[in-house]
Amino acid sequence: MKKVNVILSVLLIGFGCFYAYLTANLPDRNLPNTLGGDFMPWVLVGCLLLLSLMLLIKSVFGKAPEQFDFSISPKEGFGVIFLTISVFAYVKFMILVGFVLATPVFLALLMLITGSRKWKEIVLVSIFATFGIYLLFQKIFQVILPRGELF
């Protein structure tokens with residue numbers, strides 16, 4: 001497992017460097033007072049390179065990891081399938097009603113699926129998380145979020 005992690009981390013560092021090269025050559029087509037089209041690719045490059053470097057350091061200098069059981073139970077498999085279907089339905093629902101109405105419903109559903117049963121917590125987290133995401137993307141990053149076709 002240690003050898004596999006070293007090889008994988010070196011490959012990911014190489015891919016990250018290639019991705020950084022491509023990002024550096026992006027054309028400059030941004031609006032005034034915005035972050036630009038190359039902002040998120042640079043964030044992704046930084047995260048990829050940082051995590052790959054951490055994996056390499058841990059693999060070279062850390063002790064050998066314990067053995068893992070890679071089997072997946074049917075319950076876990078159905079959970080992954082249900083989550084995939086839920087995300088697809090969320091995207092379709094967001095196109096119809098918009099980001100602001102679809103996201104709290106989706107977050108509440110995710111909280112219910114993961115076992116949360118405190119209704120006050122579900123409602124508050126769903127509303128405040130949606131509000132925070134809306135402020136971050138709409139106001140700070142100036143990304144136009146879907147408004148919905150029905151409203």
Side-chain angles (χ1 to χ4, degrees), residues 1-62 65 68 70 72 76-116 118 120-151:
M1 190 72 156
K2 192 172 185 176
K3 184 178 177 182
V4 172
N5 284 345
V6 170
I7 293 170
L8 183 63
S9 63
V10 169
L11 287 173
L12 285 172
I13 288 171
F15 177 73
C17 291
F18 176 69
Y19 192 70
Y21 170 76
L22 293 177
T23 301
N25 291 325
L26 282 174
D28 189 26
R29 290 185 261 163
N30 55 332
L31 299 171
N33 300 324
T34 61
L35 294 173
D38 62 346
F39 173 73
M40 276 312 289
W42 279 119
V43 170
L44 294 175
V45 165
C47 290
L48 178 63
L49 290 176
L50 177 69
L51 291 172
S52 301
L53 187 63
M54 288 171 55
L55 177 63
L56 180 63
I57 291 170
K58 184 177 179 189
S59 298
V60 171
F61 298 113
F68 294 104
F70 292 107
I72 297 174
E76 292 171 330
F78 287 126
V80 170
I81 292 170
F82 183 74
L83 180 63
T84 304
I85 292 170
S86 299
V87 170
F88 181 76
Y90 164 64
V91 170
K92 293 295 184 184
F93 188 58
M94 185 172 30
I95 292 170
L96 287 175
V97 299
F99 175 84
V100 174
L101 294 178
T103 302
V105 173
F106 179 67
L107 291 176
L109 177 68
L110 285 181
M111 290 178 73
L112 285 170
I113 291 170
T114 56
S116 180
K118 298 177 183 175
K120 187 176 181 181
E121 178 182 86
I122 292 172
V123 170
L124 289 175
V125 168
S126 298
I127 291 172
F128 284 114
T130 302
F131 181 69
I133 294 168
Y134 177 82
L135 283 179
L136 182 70
F137 281 91
Q138 187 79 23
K139 302 300 181 191
I140 296 173
F141 292 150
Q142 297 180 354
V143 173
I144 300 171
L145 297 171
R147 295 197 189 270
E149 295 175 354
L150 295 180
F151 299 107

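Just so you know, these numbers use all the heavy atoms, side chains as well, and skip hydrogens, waters and symmetry mates.
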Exercise. Would you check if V105 and L109 make a side-chain contact, meaning some heavy-atom pair closer than 4.5 Å?
Key: no
Quiz item: Any side-chain hydrogen bond (donor to acceptor under 3.5 Å, both in side chains) pairs touching residues 41-54, not counting sequence neighbours?
Solution: none
Quiz item: How many angstroms lie between atom OG1 of T114 and atom CG of L83, to the nearest 0.5 angstrom?
Solution: 10.0 Å
Quiz item: If we only count heavy atoms from C-beta on, is the M54 to L50 side-chain gap below 4.5 Å?
Solution: yes
Self-check item: T130 side chain near F99 side chain, heavy-atom distance below 4.5 Å
Solution: yes
Quiz item: Quick one: are F141 and F39 in side-chain contact, heavy atoms under 4.5 Å?
Solution: yes
Quiz item: Between V100 and Y134, which heavy-atom pair has the shortest distance, and what is it?
Solution: CG2-CD1, 4.1 Å
Quiz item: Once you round to the nearest 0.5 Å, how far does CE of M94 lie from CG of L101?
Solution: 11.5 Å
Quiz item: How long is the span from the CE atom in M111 to the CD1 atom in I122, to the nearest 0.5 Å?
Solution: 5.5 Å
Practice problem: Provide the closest heavy-atom pair for G77 versus I72 in the form atom of the first, atom of the second, distance. | Solution: N-CG2, 3.8 Å
Determine all donor-acceptor pairs shorter than 3.5 Å in which one atom belongs to a side chain in residues 9-17; sequence neighbours excluded.
residue	atom	partner	partner atom	Å
S9	OG	N5	O	3.0
S9	OG	V6	O	2.9

Self-check item: L136 side chain near V143 side chain, heavy-atom distance below 4.5 Å
Solution: no
Self-check item: Shortest non-hydrogen contact from K2 toward V60
Solution: NZ-O, 3.7 Å
Exercise. Return each pair, listed once, that meets side-chain hydrogen bond (donor to acceptor under 3.5 Å, both in side chains) where at least one residue sits in residues 80-108; pairs must be two or more places apart or across chains.
Key: Y90-T103
Quiz item: CG of L48 to OH of Y19: how many Å apart, nearest 0.5 Å?
Solution: 9.0 Å
Quiz item: So do L107 and V125 actually touch side chain to side chain, heavy atoms under 4.5 Å?
Solution: no
Quiz item: Once you round to the nearest 0.5 Å, how far does CG of L51 lie from CG of L56?
Solution: 12.5 Å
